[in-house]
Amino acid sequence: MTEQLFADVILPLPLGDMFTYRIPADFQANIKVGVRVIVQFGARKFFSALVYKLHNNMPVGSFDIKDIDAILDPEPIITPAQIILWEWMVDYYCCTMGEVYKAALPSALKLESQTKVSFNPNFNMPVDMPGEEEALLLMLQGHGQANIQSINKFLGKKSALSTLKILLEKNAVLIEEKLADSYSAKVQPFIFLHPKLANDNAIREALESLKKAKKQQQLLEFFLAETLYHEEKRPNIAKKELLEQSGISDTVLRTLLEKEFLHLQEIEVGRLDFSSDGEQKIFDLNEAQNKAFSEIKQYQPTGKPVLLHGVTASGKTEVYIKLIEEQLALGKQVLYLVPEIGLTTQLINRLKRAFGDKAGIYHSRFNDSERVEIWLNTLHEREKSFEIIIGARSAALLPFRNLGLIIVDEEHENSYKQFDPSPRYNARDVAVVLAQIHRAQVILGTATPSFESYFNVKTNKYALVEMKERFQNISLPEMVIADVREATKRKQMKSLLTPDLYDSIETALKNEEQVILFQNRRGFAPYLQCGTCGWIPKCKNCDVSLTYHKHLSALVCHYCGHTQSLPDGCGECHSEDIKTRGFGTEKIEEELSLIFPEARIARMDMDSTRAKKAYERLIYQFESKQIDILVGTQMVTKGLDFDHVSVVGILNADQLLNYPDFRSFERSYQLIAQVSGRAGRKNKQGKVIIQTTQPKHPVLLEVAEHNFIQLFNRQMSERQLFKYPPYFRLVKVVLKHKNRDRLNLAANQMAAKLRKLFGFNILGPEYPLVGRIQSWYQKEIWVKLERDQKLMSSKKKILEEIKSIKTQPNNAGLVAYADVDPM
DNA sequence: AGCACGCCGACT
DNA sequence: GTCGGCGTGCTC
């Protein structure tokens, strides 16, 4: 083999060009593609870069070639398959290798000179610590935290990264990210009986001693009734649950803990089983599931992605579990993608139960050590390694060595698409490419296919497997369209409810059944308005009206979070006649409590689930029937399985239909069908009431008839006519600037250039729905590209234009980027 | 993305 | 006379 003198490396920077370093002679035997190396970049910055290519072509140019400083890994930390995937992502999503590298690797694996380092307090310094390492550790112990520059200075080295790597492996130091989230969010306090009260006698004595402390006695008794003396005997109860259900305060509990009658312990919540359906071991598939299972298997040799279109509650998960089992038996890895980890607790618990510690969860908000562990686990075969990775978007970028199956659950979800920062990839589409590279099977599962995927079925790129019946004889819900305008005219509206919805809720409550109400807007009122002059309070940073949040008694911007107090009067005419307009979840909650004062009502939206575990608590309370009516935003549409929901109400379908976007009908259909799927219980048909002022709207009629095909076909002819996806590819060019005039100038210039290149297939420049966010003015230009061979070169041309506009004089401070397949 | 270099205004 | 504002260009 010829000597390999040079290495092209990937730097964790948004730079398009490759950078070449010389490999010193004594490194040449150990360097490999895919290992990390430390390189100096610029005058004083050091990075851990990734070796992309080895060669002996002297680069041309008038610069000095620097040496590689150190090799960090004995073996590659990425796979050849990943490099192929990254190359595809760079071309397809108009991003750089560096950006993909940054997005893919957990931060502990990409030390940068900016990284903050601190001493790990749990580390015991061994006696034989090498002098340099010991000195550094003592310094860190004293200073608390240090950045890499100061460590370099301290050690008198150009780069201390290799020393740090060793200390990191010894677990002696912590780096920044680890500090930020070192406590995993997975634990929750639980209350146990103290070991001192091991027998009935001791318990009796304890209760006796609390004679004078009524509250304490009550709480202890309540605890015993819920645990030891409960029919489903259990050893503990969640602290939150105990306090909420007993209605006794935290201080009383604390005294009992101090008296050592009770005992508190943090327990990992991930292992907990909230669901009421008990142990669900893997069981046999029913007929429909078996049919789907064997159909999917038939497509395995063809390499075609499978779209699994199964109505809500058709039991897709069981089919997945069976398919996963099979792959595991073959010794293959499985990737199970979910849209948002936080909202899929039920599913994760189920998979965890089925596969135990063979299943690992991966998510960008996970703490870093855990992410590194999963990364290495996925890469190397170990005695105990994760064979199934359940994760959101970024899990598609893990270093799979032997992938056999990818499942993309809820493939229609737009949270698979990353907005910001680059790479702006869609994990669903990345998964399809990844499967191709590994020759693995990929299944896109959903109850409401995205039109893109269904189009791919129609054009024979994907195979279709359908599950048309719901599990356990639950029939599809009855769909009712309720005319709000008519009811208003006849003065039949009860606040926000049509008579149809009101009656249904009343009946459900009477029968002790549950209700879900959906309104895709949080807060109390979307905006306030002056009744005299029409003035509307707006955000000072963004061009949007402020949403009124009653419980905060404040106005909140939903784009930047800016919060201000309520105005005393109109900002223009000083009239005091300020009215609320429209309604959000908060208002619905309030109005309902007036109409149904006896009902237990809860709200589920971004505001009410912000606290840790608040989401899980709500789900638990709803499942255990502590809540009668759940009011929520999109969140209530996500894969929750409830047993006692008989009525689902969509408060305002118009708001969905009238959203100004070419996908609004697709979205409306998906949202309505998904919430509707929550209605229906064993042997009883559920009911869905859609409130609208457009009762004859074709989309609503099609949703009501469960007629997906007709809706799809009608939309397809429109998309074709107006050159939208899936017939055309969209590239959104986004321009941002703090100065409005500069932005407009640049945007017009850009649009003119693009028109020269692509003619009429250009829309804009236009302000997006919100023309200014956090003091940045924004404009968008939409490019519609034909799906042909020129696609790649067209994207390259767009990128060149973006590059050229950014480097033009006066355009400093201009942010410009391309978003391929925007959502 | 950073960061150094460089060219014009307000200050001891 | 200098300090510092940020616009421009480079990093193997």
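Because the structure is predicted, anything quoted here is derived from the model rather than measured. The chains referred to below are lettered A, B, ... by the order of the sequence lines, with proteins before strands, and numbering in each begins at 1.
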Using the test side chain to side chain contact (heavy atoms under 4.5 Å, CB included), find all partners of A:A747 that sit at least two apart in sequence or belong to another chain.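 Residues passing side chain to side chain contact (heavy atoms under 4.5 Å, CB included) with A:A747: A:L735, A:P765, A:K779.
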Touch class at under 4.0 angstrom, heavy-atom based, for [X] against every strand present:
X	value
A:D64	sugar-phosphate
A:L11	nothing
A:Y21	sugar-phosphate

Atom [atom1] of [X] and atom [atom2] of [N]: how far apart are they, to the nearest Å?
X	N	atom1	atom2	value
A:M58	C:dC12	CE	C1'	10 Å
A:F41	B:dA4	CZ	P	14 Å
A:E99	B:dG2	CD	P	12 Å
A:D420	B:dA1	CG	P	11 Å
A:F46	C:dT11	CZ	C1'	13 Å
A:L814	C:dG9	CG	P	15 Å
A:D8	C:dC12	CG	C1'	9 Å
A:Q40	B:dC3	CD	P	13 Å

My understanding is that only residues two or more places apart in sequence, or in another chain, count here; which of them pass salt bridge (Lys or Arg N to Asp or Glu O under 4.0 Å) with A:R401? A:E381
Indicate yes or no: does A:E452 engage A:R663 in a salt bridge with an N to O separation below 4.0 Å. yes
Tell me, please, whether A:Y425 has A:K417 positioned over its six-membered ring: NZ or CZ under 6.0 Å from the ring centre and within 45 degrees of its axis? no
Is there ring stacking between A:F19 and C:dC12, where the centres must be under 5.5 angstrom apart and the planes under 30 degrees? no
